[in-house]
Amino acid sequence: MPMFSRRTFLQGSAALGGAFALGAGVAARDGAAPDPQVLTAQFADARIAADGVTPKIMTYGLGEAPHASTPPVLRMRKGEAYAARLVNLLDEPTTVHWHGLRIANAMDGVPEMTQPYVYPGDSFDYVLTPPDAGTFWYHPHCNTLTQIGRGLAGVIVVENPDDPVFDAEIVLNLRDWRLGTGGKFIDPFKPRDAARGGTYGTVRTTNWQREPVFEAPAGGLVRVRIAATDVTRIYTVALESAAAKVIALDGNPIDDPFPLDRLDLGPGQRMDIVVRMPESEGQTATLGNYRGSHPWTIATFRAAGASLKRDLRDIAPLPANPIAEADLSIAKRIPIELTATAEHEATPSICGSLGYTFWAINKVPWPGDTPDPIAPIEELKLGGSYILQISNRTPHAHPIHLHGLSFRILNSNKRTFLPPPTDTILLLPDEQAEVALVADNVGDWVIHCHIIEHQKTGMTGYFKVV
Ligand code: C2O
Ligand code: CU
């Protein structure tokens with residue numbers, strides 16, 4: 001049950017310091033409620049840019065010192081209860097959304113809709129059991145452009161004891177920062193860009209570092225979990241100087257893993273690949289972004305030690321997640337039209353408004369997080385099968401994310417490869433796609449573009465599952 005422990009918690013928190021190191025205290029013993037992992041949303045100074053320390057990034061401390069050099073990764077286990085206590089040491093309200101986890105609505109982190117705002121000095125207890133294994137992520141759902149833009153976003157690894165064993169694992173959190181000279185934050189967006197593809201950051205990072213190098217066993221098989229947590233950027237990922245296979249997309253396994261060639265990864269999406277490291281010590285492979293005319297380096301993998309002589313064929317496909325199949329013969333069709341809308345000023349809200357409306361879903365621009373939300377796009381019956389007919393009537397790509405429910409892409413006028421079930425579909429310009437889902441999770445589930453400027457300037461709606 002969610003609860004506000006108010007300020008009293010903070011008095012006790014010093015005594016708990018250090019007790020909740022990464023991964024500790026997480027597993028439920030004998031079905032008992034697990035100890036919460038403390039997630040302290042707080043400010044820190046961080047070295048992101050080349051020319052100065054960035055003051056006041058926002059980060060999560062995991063019950064100890066704030067993370068100021070690397071974004072904290074959370075580890076959970078498939079089917080096991082996990083608890084986190086968000087403690088807000090920022091100067092504005094916040095929440096945590098567990099992107100891609102199909103959990104109870106009350107834990108979903110959308111202010112007003114699923115929980116109260118967590119005000120500065122307050123805390124909120126989240127308890128959830130991830131039903132699916134894979135790579136997910138967590139971020140606030142309040143003043144989201146500023147809060148994610150300043151650093152609040154981390155990868156979630158949901159482990160499955162039945163997964164194949166790799167020689168190493170590397171988690172990559174891809175994002176940009178909007179920094180000016182001396183590493184200071186500049187305006188988080190430009191209105192004219194919000195009305196188009198979104199505003200890009202100025203410093204590109206992987207795990208908050210510029211072009212980091214990771215060591216891994218020579219000739220070994222490395223699982224690389226990649227999450228695009230940027231508020232705007234769509235990546236086109238490819239690997240040079242080593243072979244790799246794609247084993248999961250958006251947390252869900254690929255039955256028949258295929259070689260990584262070039263693959264798009266939009267904001268909110270994840271990709272798991274297995275890299276066969278180069279044969280000899282010191283050789284490198286480079287993961288790059290090939291979108292646009294100037295490819296650049298995301299990360300370099302450097303082979304270390306004597307070769308393990310492994311083969312990409314040694315790895316069996318990951319076990320599937322238990323996502324229900326929609327019954328297409330009875331599924332109800334729901335049109336979802338993504339459009340631009342007449343520009344007007346938006347109403348202010350506690351969780352931040354960008355001050356403009358540019359976008360709409362089914363002609364309705366989302367008015368912001370209010371105690372009195374607009375009507376749902378549609379009321380879905382618990383257990384019912386649905387086909388969303390999503391039409392992108394704009395010349396821009398939109399990564400559309402649905403909370404609480406995963407869906408399968410049935411067809412599209414723009415793609416031949418249909419990925420496994422997902423929570424986020426990157427709709428290309430003018431794309432029309434049909435996706436199917438079973439409404440097997442009760443509650444109000446937001447659907448929105450994960451280019452946060454689009455989300456916050458109208459491209460949001462929700463389904464009510466009853
Ligand atoms: Cu990853 Cu509603 O968000
Ligand atoms: Cu969008």
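Since we're looking at a predicted model, the values are computed, not measured. Just follow the structure's listing: the first ligand is 1, and inside any ligand the first atom is 1.
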Does His396 bring an N, O or S atom to within less than 2.8 Å of the Cu ion (ligand 2)? no
Backbone or side chain, does His450 get an N/O/S atom under 2.8 Å to the Cu ion (ligand 2)? no
Nearest 10°: the angle subtended at atom 1 (Cu) of ligand 1 by His99 ND1 and His139 NE2? 120°
With ring centroids as reference points, do [X] and [Y] lie under 6.0 angstrom apart?
X: Trp366; Y: Trp359; value: no
X: Trp296; Y: His294; value: no
X: Phe258; Y: Phe417; value: yes
X: Phe136; Y: Tyr138; value: no

Restricting to N, O or S atoms of His141, which is nearest to atom 2 (Cu) of ligand 1? NE2
Against His448, only a single residue in His398, His454, His141 fulfils ring pair (Phe, Tyr, Trp, His ring centres under 6.0 Å); can you say which? His141
Between CD on residue Gln115 and NE2 on residue His97, distance to nearest 0.5 Å: 11.5 Å
Identity of the N, O or S atom of His398 lying closest to the Cu ion (ligand 2): ND1
Which atom, among the N/O/S set of His454, is closest to the Cu ion (ligand 2)? ND1
Minimum-distance atom from atom 1 (Cu) of ligand 1 among N, O or S atoms of His450: NE2
With atom 2 (Cu) of ligand 1 at the centre, find the angle made by NE2 from His403 and NE2 from His448, to 10°. 120°
Angle class for the His450/His401 ring planes (parallel below 30°, perpendicular above 60°, tilted otherwise)? tilted
Is atom 2 (Cu) of ligand 1 less than 2.8 Å from at least one N/O/S atom of His401? no
